[in-house]
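Written below as structure tokens is the structure these notes are about.
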Amino acid sequence: TGLIGKPVIVRANVAGVHCGVLESFDPATQTVVLTDAYRLWRVYTRDASGSISDIAANGLKTPLTQHSIGSKLARVAITNPPGLEIAEATDAAYASIQEASAKA
């Protein structure tokens, strides 16, 4: 995939939503590996959609203190049944998640 090395937001059925830099993706096993990753526990979008697409495109809604973001993990592997969503995030969107995590 052309997303290797880019910030992405991953939505998995069981593992939840994560944001990080895509290290690898294995379509056969539906396994994605992220570096510098954060779990997005409770987040709010800038529009009313609540979609990760809005977060990937526009970042988190301000104020950043309202979000619940997990601690930064050096690396996380997520294996998911078919239906894994990987959305490329803008650098600004990824930075907003990093900043929100630091305020937790």
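What you see below is based on every heavy atom in this structure, not just the backbone, and it leaves out hydrogens, waters and symmetry mates. Because the structure is a prediction, the values reported are computed rather than measured.
Closest non-hydrogen pair, Ser96 versus Gly59, comes out as OG-CA, 3.4 Å.
Under the salt bridge (charged side-chain N to carboxylate O under 4.0 Å, His left out) criterion, the residue pairs touching residues 68-87 are Arg11-Glu85, Glu23-Arg75, Asp36-Lys72, with sequence neighbours excluded. For residues 49-65, no residue pair satisfies the salt bridge (charged side-chain N to carboxylate O under 4.0 Å, His left out) rule, not counting sequence neighbours.
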Next item on the list: Evaluate the criterion side-chain contact (heavy atoms from CB on, under 4.5 Å) for residue pair Ile86 and Phe25; output intermediate values, then yes/no.
Entry: CA-CA 10 Å; Ile86 304 171; Phe25 172 61; 3.9 Å; yes

Notebook entry, point to check: Taking it one step at a time, do Ile9 and Ile55 satisfy side-chain contact (heavy atoms from CB on, under 4.5 Å)?
Noted result: CA-CA 8 Å; Ile9 298 177; Ile55 295 172; 3.5 Å; yes

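The closest donor-acceptor contact from the side chain of Ser51 to the backbone of Ser53 lies under 3.5 Å. The closest donor-acceptor contact from the side chain of Thr45 to the backbone of Gly50 lies under 3.5 Å. Under the 3.5 Å distance criterion, the side-chain polar atoms of Ser101 are left unmatched by any main-chain donor or acceptor of Gln98.
Going from atom OG1 of Thr62 over to atom CG of Leu60 covers 9.5 Å, rounded to the nearest 0.5 Å.
Taking the side-chain hydrogen bond (donor to acceptor under 3.5 Å, both in side chains) definition, one finds that Thr79 meets it with Thr31, sequence neighbours left out. Scanning for side-chain contact (heavy atoms from CB on, under 4.5 Å) contacts around Ala37 gives Leu34, Val76, with sequence neighbours left out. Under the rule for a side-chain contact (heavy atoms from CB on, under 4.5 Å), the partners of Pro63 that lie at least two apart in sequence or sit in another chain are Thr65, Gln66. Under the side-chain contact (heavy atoms from CB on, under 4.5 Å) criterion, Ser24 pairs with Val33, sequence neighbours left out. Residues satisfying the side-chain contact (heavy atoms from CB on, under 4.5 Å) criterion with Ala12, sequence neighbours excluded, are Ala15, Ile78, Asn80, Leu84.
The closest side-chain heavy-atom distance from Leu40 to Ile97 is below 4.5 Å. Inter-residue side-chain proximity for Leu22 and Lys6 is flagged as unmet; no heavy-atom pair is nearer than 4.5 Å. Here the side chains of Tyr94 and Val21 are in contact, with some heavy-atom distance below 4.5 Å.
When ring centroids are compared, Tyr44 and His67 come within the 6.0 Å threshold.
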